[in-house]
Each structure stands twice: as structure tokens, then as C-alpha cells.
Amino acid sequence: MAKTISNENGYRKFLLIWMGELISNIGSGMTAFCLGVYVWQLTRSALAVGLVETAALLPMIVFAPAAGVLADRFDRRLLMILGDFASACALIVLLVIMETGPVAVWQICLCAGLGSAFAALLDPAYKATVTDLLSVDEYARASGMVAVASSAKFLISPVVGGFILAVSGIKVILAIDILTFFITLGAVISVKKSLGAHTEPKKEMRFLKDLQEGRQIIIESRGVLPLIVLVSVLLFYMGFIQVLTKPMILSFSDEKTTGLIFSVIATGMMISSIAIGSGMLKKNYVQVLIVSFVVSGAAMMGLGATEQIPVVIVSGFIFFASLPFANTCIDVLIRKSIANESQGRVWGLISLISQLGYIAAYLLAGFLSDYFFIPALENGGVLAGTVGKIIGTGSARGIGFLVMLAGLGLVITAFFISAIRGVRDMGGHDGK
């Protein structure tokens with residue numbers, strides 16, 4: 001389908017939207033990081049941290065397919081505005097609750113879940129917008145820049161958020177995140193008509209039919225479905241590090257140092273994203289995907305193996321540096337296989353299927369840590385005399401050993417990608 005705007009003009013509009021998302025990501029990243037730290041300090045429970053992480057992710061995944069249908073039918077600009085505005089309202093509610101008295105974990109989960117439900121409108125509309133505005137040759141470059149914006153959550157947000165949390169508290173963090181909405185709002189409004197729904201006119205809203213169409217498109221697109229399923233398995237293992245890294249580091253550090261560590265290791269993501277954004281990744285997407293996940297798994301094992309901060313930083317840096325390569329490869333392989341007019345509903349379904357792995361990990365990681373791995377590696381625990389002699393004992397070591405096992409699972413699963421013919425065929429025309 002032909003583009004409705006010139007490539008140069010489209011790229012300028014993409015940059016404006018990208019800048020708004022960058023600022024919004026810094027605010028939301030501060031909230032995500034600091035809420036995890038806040039809940040850990042409040043409860044000293046990895047399970048509680050996992051529940052909050054789940055509440056912040058599950059609604060976004062569940063509502064993603066419906067959001068994808070909306071992105072194909074309505075003005076994507078308006079959907080992005082609505083989603084961002086409603087998410088800000090959920091933060092306002094949480095801020096009001098904190099002002100009136102002590103806050104419970106279930107209240108944090110409720111507000112995080114409400115914000116996540118409305119934030120579901122953003123992702124399919126944003127990803128479909130990239131396709132609206134750019135040419136095929138610009139997809140990889142744009143994916144790299146999107147990864148740069150995403151990396152701000154890990155590069156800038158933790159160090160700034162950790163400092164503000166230690167000095168002023170969680171309420172200031174929430175207020176800053178709410179204010180970033182207005183910047184994003186201005187960026188989206190300025191782009192105007194070029195973000196409308198570019199698809200055939202339909203008068204009736206038929207969610208089930210559109211979802212079935214999206215499912216059929218995924219099935220008929222060679223290699224897309226098995227790739228999505230494999231990504232879900234891989235995200236399952238990666239979800240463990242998402243939930244457990246903050247509690248693990250906080251077990252032997254404070255919030256300022258933890259924020260600084262997270263920001264330092266996230267420079268790996270920034271460096272890789274900038275490199276990809278410059279156009280270095282143009283072919284061999286399947287091979288690069290496999291290597292990036294193997295490296296990620298090995299880095300996870302290194303990250304969980306010790307409490308030595310230099311080793312944690314190096315391992316974390318390598319882990320974050322490998323992620324943009326994996327994300328870009330997945331993004332380009334799928335984007336090249338799906339027609340533009342169907343990408344909204346398809347991306348919604350892709351988010352639902354692939355990120356189920358995250359949800360499973362978020363629910364299991366905290367439970368396994370609190371009720372098995374932490375007790376097992378305390379002094380006198382069942383693993384203290386075996387594994388404990390290698391990696392040490394204590395609460396951080398129980399969490400670390402679980403991170404190591406997840407990294408090993410990630411490495412093993414990554415090799416299955418090359419064994420699936422449909423996935424291999426997706427990269428068969430790279431560079432042509």
C-alpha cells in the first residue's frame with residue numbers, strides 16, 4: 001500500500017512523535033523503577049514486587065488485541081492521546097491515596113492495573129504509526145531509534161528516580177510522571193492528520209471478526225506464529241530478571257546505588273540502539289536474533305552469580321546491550337511479513353501471545369524466590385552446602401541463583417529458533 005505522505009515529511013513527523021515518547025518513557029520509567037523499590041522497602045517481599053509488576057503489565061497484554069482493532073479503525077493520534085491521558089489519571093488516583101494515608105500493596109496494584117489497561121491503546125497505535133509514516137527501508141533505523149527512546153526507562157530513569165526517591169519520596173516521582181503527559185500530548189497533536197487510520201472504511205464495529213482476521217493473518221504469514229511462540233518462551237526467562245534484579249541488588253545496596261547501577265548497565269542498551277539506528281543492522285536478522293538471546297542468557301547467569309558490583313555492572317551491561325538487537329530483529333521480521341492496513345490488530349495479538357511469557361514469569365519469580373530459593377540458600381538451607389559453596393548464601397544469593405537458572409533456560413531455548421524452518425525462511429531474503 002502506498003504511503004500517504006512523503007518520506008522526508010513522514011520521517012520528520014516520526015521524529016516528533018519519537019521525542020514525545022522519549023520524554024514520556026523517562027517519566028514512566030521513573031515510576032516503574034521507584035514503585036518496585038518502594039514496594040520492596042515496604043514489604044521485603046519479591047512476591048509483592050512481582051504482583052505489582054504483573055498488575056502493571058497484565059491489563060496491557062489482555063487489552064492489546066482490542067486496542068489493535070481500534071488502531072486499524074480509528075484515528076491513531078486520538079487513541080494515543082486517550083491512552084496517555086487515562087494512564088495519567090490512574091497515577092493521580094494513586095497520588096491522592098498516598099496523600100490521605102498509608103498505601104497498601106493492593107491499592108498500588110489496582111492503580112497500576114488501571115493505568116496499564118488504558119496504556120494498552122498506545123502500543124498498537126504507535127507501532128502502526130511507524131509503518132504509516134516511514135518507508136520499508138527506514139524500518140530498521142526507526143526500530144533502533146524507538147529502542148533508544150525505550151532505553152531511557154533504564155538509562156536515565158533509575159539514576160534520577162533513585163536520587164529523587166531517596167531525597168523527596170515516591171509522591172514526587174508520581175507527580176513528575178503525570179506532568180510528562182502534557183509534553184507527549186503536544187507532540188501527538190502537532191502531527192495531526194497523518195496519524196489517522198489508513199485502512200478500508202468500515203461502518204460497523206466487529207471486534208471478534210477483526211480479531212479473527214488478525215489471527216488468520218498471523219497464521220497465513222509464514223514463520224510469524226512459531227516466531228511469536230518462541231519469543232513468548234524467551235520472554236518467560238527474561239521476565240525473571242525484570243522482576244528479581246531490583247530486589248537482588250537492593251539486598252546488598254541502597255536505592256541511590258541501585259539506581260546508579262541500573263543507569264550504568266542500561267548504557268549498553270543505549271549504545272546498541274544508537275548503532276542500530278545508524279543503519280548497521282540490515283540483514284541476517286534470524287542469525288542475529290539467535291546470537292543476541294544466547295548472549296542475553298549468558299549475561300543473566302553472570303549477573304546472578306555474585307554480589308560483586310563490578311561483575312553485576314559488566315554482566316548487566318552486556319545483557320542490556322543485546323536486547324536492542326533482538327527487539328529490532330523481531331520487529332523487522334514481523335513488520336516485513338504483515339500488510340500495513342492490518343498491522344494494528346496484528347500487533348495487538350502479537351503482544352498478547354508473546355508477552356504471556358512475561359506474565360508467567362512475573363507470577364512465578366516472586367513466589368519461587370520467597371518460598372524456595374531464598375530459604376534454600378540461607379545459612380542452613382537445603383542448597384547452602386552445595387550451590388551456596390559456589391555462589392554464597394543469603395537472600396540475594398537465592399534470588400541470584402534463580403536468575404542464573406533463567407539465563408540457562410534462555411540460552412537453551414534460543415537454539416530452537418534455528419531449528420524451525422518457517423522462522424529460517426523469514427530471513428531468507430535479507431539484504432535483497
Side-chain angles (χ1 to χ4, degrees), residues 17-41 49 52-53 55-57 60 83-84 87-88 90-92 94-95 98 108 111-112 115-116 119 122-123 126 144-184 187 238-239 241-250 253-274 303 312-313 316-317 319-321 323-324 327 358 362:
I17 291 291
W18 175 83
M19 183 60 68
E21 288 300 309
L22 172 64
I23 295 172
S24 178
N25 283 337
I26 293 174
S28 61
M30 287 172 56
T31 298
F33 174 81
C34 292
L35 274 181
V37 174
Y38 178 76
V39 171
W40 173 258
Q41 293 174 335
V49 175
V52 173
E53 298 274 5
L57 182 63
M60 187 179 297
D84 216 356
S87 297
L91 291 180
I92 293 173
L94 180 57
L95 186 58
M98 290 183 172
I108 297 175
C111 292
S116 175
L122 292 170
D123 192 53
Y126 182 52
M145 294 190 65
V146 169
V148 170
S150 297
S151 70
K153 294 180 180 180
F154 310 101
L155 179 65
I156 301 173
S157 300
V159 65
V160 176
F163 177 80
I164 295 175
L165 181 65
V167 174
S168 302
I170 189 67
K171 298 175 186 177
V172 175
I173 298 293
L174 296 177
I176 293 173
D177 192 8
I178 292 167
L179 290 176
T180 62
F181 158 74
F182 295 100
I183 298 174
T184 306
M238 294 179 67
I241 199 172
Q242 297 281 355
V243 173
L244 299 176
T245 304
K246 281 195 287 286
M248 185 185 75
I249 297 177
L250 284 167
S253 182
D254 58 27
E255 62 265 34
K256 288 183 181 179
T257 304
T258 301
L260 181 60
I261 291 173
F262 267 78
S263 292
V264 171
I265 64 180
T267 57
M269 176 179 286
M270 177 65 75
I271 292 171
S272 294
S273 299
I274 291 173
L303 182 66
V312 170
I313 290 175
F317 179 91
F319 173 79
F320 275 99
L323 293 185
N327 292 335
Y358 267 145
Y362 282 13

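Annotation: side chain of Ile26 is not in contact with side chain of Val160 (no heavy-atom distance under 4.5 Å). Between Phe33 and Thr258 the shortest side-chain heavy-atom distance falls below 4.5 Å.
In this structure Glu255 satisfies the salt bridge (Lys or Arg N to Asp or Glu O under 4.0 Å) test with no other residue, sequence neighbours excluded. For Tyr358, the ring pair (Phe, Tyr, Trp, His ring centres under 6.0 Å) partners two or more places apart in sequence, or in a different chain, are Tyr362. Thr245 meets the side-chain contact (heavy atoms from CB on, under 4.5 Å) test with Ile241, Ile249, Phe262, Leu303; sequence neighbours excluded. For Ser168, the side-chain hydrogen bond (donor to acceptor under 3.5 Å, both in side chains) criterion is met by no residue, not counting sequence neighbours. Under the ring pair (Phe, Tyr, Trp, His ring centres under 6.0 Å) criterion, Phe181 pairs with Phe85, not counting sequence neighbours. Checked against side-chain contact (heavy atoms from CB on, under 4.5 Å), Ala119 has the following partners two or more places apart in sequence or in another chain: Met60, Ser87, Leu122. Take Leu260 and apply the side-chain contact (heavy atoms from CB on, under 4.5 Å) test, not counting sequence neighbours, and it matches Val159, Val264. Tyr38 pairs by the side-chain contact (heavy atoms from CB on, under 4.5 Å) definition with Leu42, Met98, Val103, Ile108, Ile170, not counting sequence neighbours.
Here the side chain of Ser272 pairs a donor or acceptor atom with the backbone of Gly268 at under 3.5 angstrom.
Put simply, SG on Cys34 and NZ on Lys246 are 9.0 Å apart, with the number rounded to the nearest 0.5 Å. With rounding to the nearest 0.5 angstrom, the SG atom of Cys111 is 10.0 Å from the CG atom of Leu95. Distance check: Ile173 CD1 to Ile164 CD1 gives 4.5 Å after rounding to the nearest 0.5 Å. A distance of 7.0 Å separates OG1 in Thr180 from CG in Asp84, rounded to the nearest 0.5 Å. Considering CG of Leu22 and CD1 of Ile156, their distance stands at 6.0 Å, rounded to 0.5 Å.
Residues Lys256 and Ala166 approach most closely at CE-CB, 3.5 Å, considering heavy atoms.
Pairs of residues two or more places apart, or lying in two chains, that qualify as side chain to side chain donor-acceptor pair (under 3.5 Å) and include a residue from residues 27-36 are Thr31-Asp177.
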